[in-house]
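The block underneath contains the structure these notes are about, expressed in structure tokens.
Note that ligands are numbered from 1 as they come in the structure, with each ligand's atoms numbered from 1 the same way.
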Amino acid sequence: MSSQAGDVLLVVDVQNDFCPGGQLAVPGGHDIVPVINGLIERFDHVILTQDWHPAGHSSFASSHAGAAPFSETTMPYGPQTLWPDHCIQGTEGAAFHAGLQWHKAEMVIRKGFRSEIDSYSAFFENDKQTPTGLTGYLRERSFHRVFACGLAFDYCVRFSAEDARAQGFEALVIEDACRAIDLDGSAEASRKAFGEIGVSLVNSSDIG
Ligand code: VGL
Ligand code: ZN
């Protein structure tokens, strides 16, 4: 499979807090940086996402008295996992991994900046209604195939790929360019959901 007109590489949340040593470290998160750099070279168009929370964000366990990180709560929009404080706007933790060759990116889409709603997907916040504007951007630029990679496979990559599909794009997840948090089998659940809705799983070596 070679990169063609209408393809875009979506690099999700390759930020210090999701890498070892960060506040919400994904095991092996930094291992994908060279793989993604190779992909960035091969794609003509690259978009990044950046998790970008204000301090005291409602997805932080620390904002809920007595709640432990990785527990679940109910928000007005439904169930929400509570996370350690992470990716606070302007902090080193929210910065892209220093090894990521991201300067080619045509757009950086920030998400999770509304205190009261978390946002895993690059397309919609977790209420499934508040758009980020990415659908309109991709349509206006005539992109058809979204190749997603980054962190974490089972949260922000998953939700982004599912929404890409639901918005009418072809969606492919480059699995060796992702790492998972894997809470309660969430990595396997993601693979199953991809199969059901027609999100393809591919490998970076499949892309020429
Ligand atoms: C993410 C949990 C909280 C992600 C972001 O990038 O997958 N996960 N915020
Ligand atoms: Zn977050």
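Proximity of the aromatic rings of His144 and Phe169 is defined here by a centroid distance below 6.0 angstrom, and this criterion is not met. Phe43 has its ring centre less than 6.0 Å from the ring centre of Phe147. Two rings, from Phe143 and His45, have their centers less than 6.0 Å apart.
Atoms of ligand 1 lying under 4.0 Å from any heavy atom of Asp13, numbered from 1 in the order shown and given with element: 4 (C), 6 (O). Each of the atoms 4 (C), 6 (O), 7 (O) of ligand 1 lies under 4.0 Å from some heavy atom of Ala152. Atom numbering of ligand 1 starts at 1 in the shown order; those under 4.0 Å from a heavy atom of Leu151 are 4 (C), 6 (O), 7 (O). Those atoms of ligand 1 with a heavy atom of Phe18 less than 4.0 angstrom away are 1 (C), 4 (C), 5 (C), 6 (O), 9 (N).
Residue Asp51 approaches the Zn ion (ligand 2) most closely through its N/O/S atom OD2.
Annotation: Asp51 places an N or O atom under 3.5 Å from an N or O atom of ligand 1; distance criterion only. In terms of N/O distances under 3.5 Å, ligand 1 is approached by His86.
Protein heavy atom at the shortest distance from atom 4 (C) of ligand 1 is Cys156 SG, 2.8 Å. Protein heavy atom nearest atom 2 (C) of ligand 1, with residue, atom name and distance: Trp83 CE2, 3.4 Å.
Ring geometry, Phe18 versus His86: the interplanar angle falls from 30° to 60°, so the pair is classed tilted.
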